[in-house]
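A short write-up of the structure that comes next.
Because only heavy atoms are used, hydrogens play no part in the values below, and waters and symmetry mates are left out as well, while side chains stay in. In what follows, chains are A, B, ... by sequence order, proteins preceding strands, each numbered from 1.
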Amino acid sequence: MTGIIAQNVGRTSGLIKSAGGGGGVWTKIKTLTASADSTLDFIDGTSDVVLDSTYPIYVFKFINIHLATDNGEWGINFTTDGTNFNVTKTTAYWYANHKEDDSGTALDYSTSRDLAQGTALQQLGADVGADNDQSTSGELMLFNPSSTTFVKHFIANTNYAHADDYSIDLYVGGYANTTSAITGARFSAVSGNIDAGTIKLYGIGDS
Amino acid sequence: MSGIIAQNILDNSGLIKAPAGGGAWNFIKKLTASASSDLSFVDGTSDVVLDSTYKEYLFTFNNIHPSNDGVGFLFNLSEDTGSSYAVTKMSTWFQAYHGESDAYVGGGGVAYNASYDLAQGTGTQYLSNNAGNGNDESGSGYLKLFGLSSTTFVKHWISNMNTYYFQDYLQNDFTAGYGNTTSAVDAVQFSMTAGNIDAGDICLYGLTT
């Protein structure tokens, strides 16, 4: 590159040449805002959602997910047909915690929150507080959901306010153990609903 | 914004307005493995940028598939544009794990593993270990590197790699550390402990600040 284009690479103003091949950076695909919703669905080809081979990596961002029910759980499941959210998954689930009154800290693995070839929702928060100011924020990366060769890896990290007033730093890693393409993701609460909050879907390009 | 600038947002050609205030990830380079003994990103070579242009670099790993069963996925750093990969490194390494059979490996857990960290070592750093090479088995994740061009500070990294362990369980591996050098790091190389990288993509991004 030469001239004004080259000069402005990495700058915060002026004109730059757009990246080849569709951008190659984070592209916002869809925002869903909860309002006492039982589910929030991102299904490829529906409501402008893209969840296919367009991007090799997708990222869901969670901003202040507030559950209707105190001590509740919420999480994610996947679909390969746009209808049934029951993909087989193997996952690990662990967390660090710290109580607001400084009376307790821990780093623990939870064998009751992980999945061993399970088809149920994978929790992204457990015993979450539902006080007015309590919520969950974080992100989940989903790798190559369109592959028909490999299992589908995902890694998540959330922080949330526990019902007993802990800060929970939660980590989840796992794979959807299928060689079918993942075409959708569903977020839901185990009981009650997702009272409020925002989930954003981004695609990370590779060109 | 209006006119040609607005029209080209998210397009793959033409001119767009630089992001206000920066903060955008910029795609730099993609390498696709094909029975590759290693994949190397060297500043100034094949359009790779690994210098002071960006303060933070991100490598993403998508379905890294080894040729051999039960092998580790590794990286090393260079400060002489790839002539040698032997930067002194300090690191920590821990992993969470859970078997497809719930009873396997104790029903799951998280633990530090001293077999895969480095204490002033110059050898390769594990990003994952014991990856399976079954047809549907692979590893995906990311590695972030900070301040590579600094001639004052050590070079920090943070990584999270999800791997299909060769004995059919999930392993989520975390390594963090620093290249203990005040020379600029200008190349990064990825490889396996044995055999080659049979398939998979590694992408390099830079964060505009």
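Of all heavy-atom pairs between A/D206 and B/C203, the closest is CB-SG, 3.4 Å. B/N63 and A/V151 get closest at one heavy-atom pair: ND2-O, 3.9 Å. The minimum heavy-atom distance between B/S140 and A/F143, with the atom names listed, is CB-CG, 3.4 Å. Nearest heavy atoms, A/A92 versus B/A96: CB-CB, 3.9 Å.
Ranked by heavy-atom pairs under 4.5 Å with chain A, the list B/G109, B/G107, B/A111 is led by B/G109. For chain B, the option among A/T178, A/T88, A/T111, A/D114 with the highest count of heavy-atom pairs below 4.5 Å is A/D114. Across B/N172, B/D102, B/N162, the residue that shares the most heavy-atom pairs under 4.5 angstrom with chain A is B/N162.
Heavy-atom distances place the backbone of B/N135, and not its side chain, under 4.5 Å from chain A. There is no contact between A/N157 and chain B, counting heavy-atom distances below 4.5 Å. The parts of B/Y164 that come within reach of chain A are both its backbone and its side chain, each placing non-hydrogen atoms under 4.5 angstrom from that chain. Of the two parts of A/T149, the backbone and the side chain both hold a non-hydrogen atom closer than 4.5 Å to a non-hydrogen atom of chain B. Heavy-atom distances place both the backbone and the side chain of A/I57 under 4.5 Å from chain B. Looking at B/Y169, only its backbone comes within 4.5 Å of chain A, counting heavy atoms on both sides.
Within the 6.0 Å centre-distance limit, the rings of B/F174 and A/Y171 are counted as a close aromatic pair.
At least one side-chain heavy atom of A/I204 sits less than 4.5 Å from a side-chain heavy atom of B/Y205. Between A/Y109 and B/H98, some side-chain heavy-atom pair lies under the 4.5 Å cut-off.
Here the CG-CE distance, from B/N160 to A/M141, works out to 8.5 Å after rounding to the nearest 0.5 Å. For the atom pair CZ (B/F94) and CH2 (A/W94), the distance works out to 6.5 Å, reported to the nearest 0.5 Å. For the atom pair A/T90 OG1 and B/Q171 CD, the distance stands at 13.5 Å (nearest 0.5 Å). Rounded to the nearest 0.5 angstrom, B/I64 CD1 and A/F150 CZ are separated by 9.0 Å.
The number of heavy-atom neighbours closer than 6.0 Å to CG of A/D101, taken from other residues, nucleotides and ligands shown, is above 12. Within a 6.0 Å sphere centred on NZ of B/K55, heavy atoms belonging to other residues, nucleotides or ligands number 12 at most.
With hydrogens and angles left out, the side-chain atoms of A/Y175 and B/E100 include a donor and acceptor closer than 3.5 Å.
Using a distance-only test at 3.5 Å, with no hydrogens or angles considered, a donor-acceptor pair links the side chain of A/H153 to the main chain of B/S138. Formation of a donor-acceptor pair under 3.5 Å by the B/N62 side chain with backbone atoms of A/P56 is found in this model.
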